[in-house]
Amino acid sequence: MVGIVGYGASLPRYRIRVEEIARAWGADALAFRQGLMLEEKAVAGPDEDTVTFAVESARRALARAGIRPEDIGAVYVGSESHPYAVKPSGTIVAEAIGVTPFVHTASFEFACKAGTEAIFVAAGLVESGRIRYGLAVGADTSQGAPGDPLEYATAAGGAAFIMGREGLVATLDAECSFMTDTPDFWRRAHERYPSHGGRFTGDPAYFRHTIGAARALLAKTGLRPADIRYAVFHQPNGKFPRRAGELLGFTEEQLAPGLLSPWIGNAYSASSPLGLCAALDVARPGERILLVSYGSGAGSDAFLFTVTERISTVRAAAPLVRDLLTAGREYLDYTTYARFRGKIQKGA
Amino acid sequence: MMKPASVWRVLAQRYRHEAAQCTSCDKILFPPRRVCPHCRGTAFRKVRLCDRGRIITYTIQHVSAPAFADQTPFAVGIIETDDGVRLMAQIVDFPPEKLRTGERVRLAFRRIQADGDSGVIAYGHKAVPE
Amino acid sequence: MREVAVLGVGMVRFGELWDRSLRDLFTEAALAAIADAGVDHVDSLYVGCMSSGLFNGQEHLGVLMADSLGVSSIPATRVESACASGGVAVRQGFMEVAAGFSEIVLVGGVEKMTDLSTPEATYALSAAADQEWEAFHGVTFPGLYALIARAHMERYGTTRRQLAAVAVKNHANGAKNPHAQFRRPISIEAVLNSQMVADPLRVLDCSPISDGAAAAVLGSVELARKLGRHPVVKVTGSGQATDTMALHDRRNITELAAVASAGQRAYAMAGRRPGEIDFAEVHDCFTIAEICIIEALGFVEQGRGGPATEAGETALQGRIPINPSGGLKAKGHPVGATGVAQLHEAVLQLRGKAGERQVPNARIGLIQNMGGSGGSCVVHILETE
């Protein structure tokens, strides 16, 4: 049986409230808060990027896995904000955790689902026997154009999973990918900010793929929502995952632990992976977790996990997501936010 | 100097705090050296530093060299790890009133500097509240 | 080893000297020293300069300066020890005469810093620190001394006002020095309110960026007498020492061990004790540096540098006048020139030619030059015959 051996999350300490962004642009804060069901988002500091979130979350996953770094055979990092366009983030992560040189690495990109792509591939390599353990990371420091509605949600963070066959904290029981060519949100090379299709990003994009993957997975496994303890969906805002859950027949209570977006915004490739970490933080042995990611362009990866006994013994080896949500939290004004995110630069 | 080779040469120290323990006197040297300054020994074993420690002294830089001009003001200081080794690091994520000599810290992986927009990025560690 | 005397000294007033280049500055100071010495040739020269490579894109300074002086063919050597470059050049010249290698040696120091912007100059100066393990993290020179300051304040209770008192004293002295960059007195409040550079050090706790040069001609005491120098100013002690490169590797960051060692070596050679010194020119690159230095040289008890300064013990009329020239703070600090400018002041004092800032009955003087955050130090003791 393949599954998760260790998991770890990483969040910046900075936040900015939806109200503060609206104030900067003279927009209607209440409309955005209610419309998007977002309160605030996590902002990367000037010295943080996809790689730093990836390394911190990978180190935490290692702490829970309790394995030798050298036994990791692959390091995959999924992001849409890799610091280098050419030079994989995985080389830096692998070097930082001490797994080089006998390791395979690649950078993944598929908008917000690049993290679960890494999980998909790492799990496959473990299953085929080609590697003993695989590290899969989703991390991002996403960016929205100044004043664009995306700006209210684009956030930062990282989540890492070590996939293997031994010492599992959760078994991976089934997976299903659902993907089509759907141009809902994209960024052309050399453009600084992404573009999107407005309302086109809803039903034909997010919902079609998320629901499509989830329904196929449920059919494949013969399970109903009531058989699953927690459901975690990709979270571009607070509204879409709730509606996806509702359409599939999940309750608010099943979504609650994994629904982080109202407090951290959309962490892109780390979005649903962070939700998975939060669900793993509270799930009890024997309980099932459904994870459905979504990446624009478009596709969803759906996974079904069952938590094992081992999880209780390793949870405390790294910070819980709920502690990362509040620890040392500092709120920024828009000017400092713009400065941190390079939207305004000295002398430029 | 942010030349690719010079950044690469010290990755083991910057990324993993690889240090050298003198086999004659057991003192830990960071970064590793060819000669132990304590006993002049020249044989070492590889060790990694503990990632926890405390602030020995610190300052807040308001004026900096060009590479850090957009980071000022920032705190930087001498950290002593729990294995008794001293090193220099920026100190971040501390609310101003908590930044004091003796405070406990953890060494977190962060971006230290980059050679402009097209050059190499140098990563390393900064001290954050434990 | 034979006894060495300073035959002559010369310097350029320090400041932002836009119209003069690196070679102009050195040549002007050298010619003044040669004229003051009354010699018609030199056998060799040493030029102290920290970083003409980074400041001016120019290396091979020995050749450049010998050429500029019209003395190409003599041996000429560039000496580098960060901010102690000038002092070490003096020591090299001293040793060459003492050992009998040469009869007349010109030692000079120069730095031309103002062609660079302040951030560029900050980077160049940071080369005196450990590039990979200190400067890499963003710490600057004021930053390193700020670390020393905080540690000293926490250990000994040294106060911000006591640090400021160093700057106030040195500006008061500099006001009396026609060669000083800054010739206006300043107040404690002005120091305490100046812009923060690296907490707790403010702009007025820091020596300035300057252009300038100083030079001296060294020869045997016998030659000095023959030339009719009066009084003969002898170099009776010379000591040089190093400490670890990185501040975090120091045994005790509140003590400048290289200063103590270099001082002890110079005192031993001269057969003198700290209490016998009539005045000293020390390396006050930052106010805290002067406090730590006077402790290391044994002029005050360890940890008491702040209160001693505040009480006026190091003022011109005090028990042990420190930096009668105005020090680096008011006189200026063209890095490589400083060590030789300290020699210039000591000679003027010992000759009784220091005008308004004359230390009464000056017979034995000490000069101390330091590099980086205290990694190198050179001390000389001079006496009238």
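In the text below, chain A, chain B and the rest are named by the order of the sequence lines, each starting its count at 1. What you see below is based on every heavy atom in this structure, not just the backbone, and it leaves out hydrogens, waters and symmetry mates.
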- CD-CG distance between B:Q61 and C:L144, expressed to the nearest 0.5 angstrom: 8.0 Å
- Message: Whether the side chain of C:E134 engages the backbone of B:M88 through a donor-acceptor N/O pair (distance < 3.5 Å, no angle test) should be reported.
- Response: no
- Query: Hey, does the side chain of C:T122 reach the backbone of B:S64 with a donor-acceptor pair shorter than 3.5 angstrom?
  - Reply: no
- Could you tell me which of C:T140, C:L201, C:D249 has the largest number of non-hydrogen atom pairs under 4.5 Å with chain B? C:T140
- Query: Do other residues, nucleotides or ligands put more than 12 heavy atoms under 6.0 Å from the CZ atom of C:R160?
  - Reply: yes
- Note on the structure: Ordered numerically, the heavy-atom neighbours of chain C under 4.5 Å found in residues 91-113 of chain B are B:T101, B:I112, B:Q113
- Item | Residue-level contacts of residues 37-56 of chain B with chain C, using a heavy-atom cutoff under 4.5 Å | B:I56
- Side-chain donor/acceptor of B:Q90 to backbone N/O of C:H137, under 3.5 Å: yes
- Task: May I ask you to name which of B:L87, B:T57, B:T72 has the most heavy-atom pairs under 4.5 Å with chain C?
- Result: B:T57
- Item | Interatomic spacing from CZ in B:R86 to CD1 in C:I253 - rounded to 0.5 Å | 6.0 Å
- List the atom of B:P66, the atom of C:P119, and the distance in Å for their closest heavy-atom pair. CD-O, 3.1 Å
- Separation between CZ (B:F68) and CZ (C:F136), nearest 0.5 Å, reads 7.0 Å
- Message: So which residue, B:I78, B:I79, B:V76, ends up with the most heavy-atom pairs under 4.5 Å with chain C?
- Response: B:I78
- Sequence neighbours excluded - ring pair (Phe, Tyr, Trp, His ring centres under 6.0 Å) pairs with any residue from residues 46-65 of chain B: none
- Query: Hey, which residues of residues 9-29 of chain B are touching chain C, say heavy atoms under 4.5 Å apart?
  - Reply: B:V10, B:Q13, B:R14
- Query: OG/B:S6 to CD/C:Q131 distance, rounded to the nearest 0.5 angstrom?
  - Reply: 9.0 Å
- Which atom names give the shortest non-hydrogen contact between B:T59 and C:A146, and what distance separates them? OG1-CB, 3.2 Å
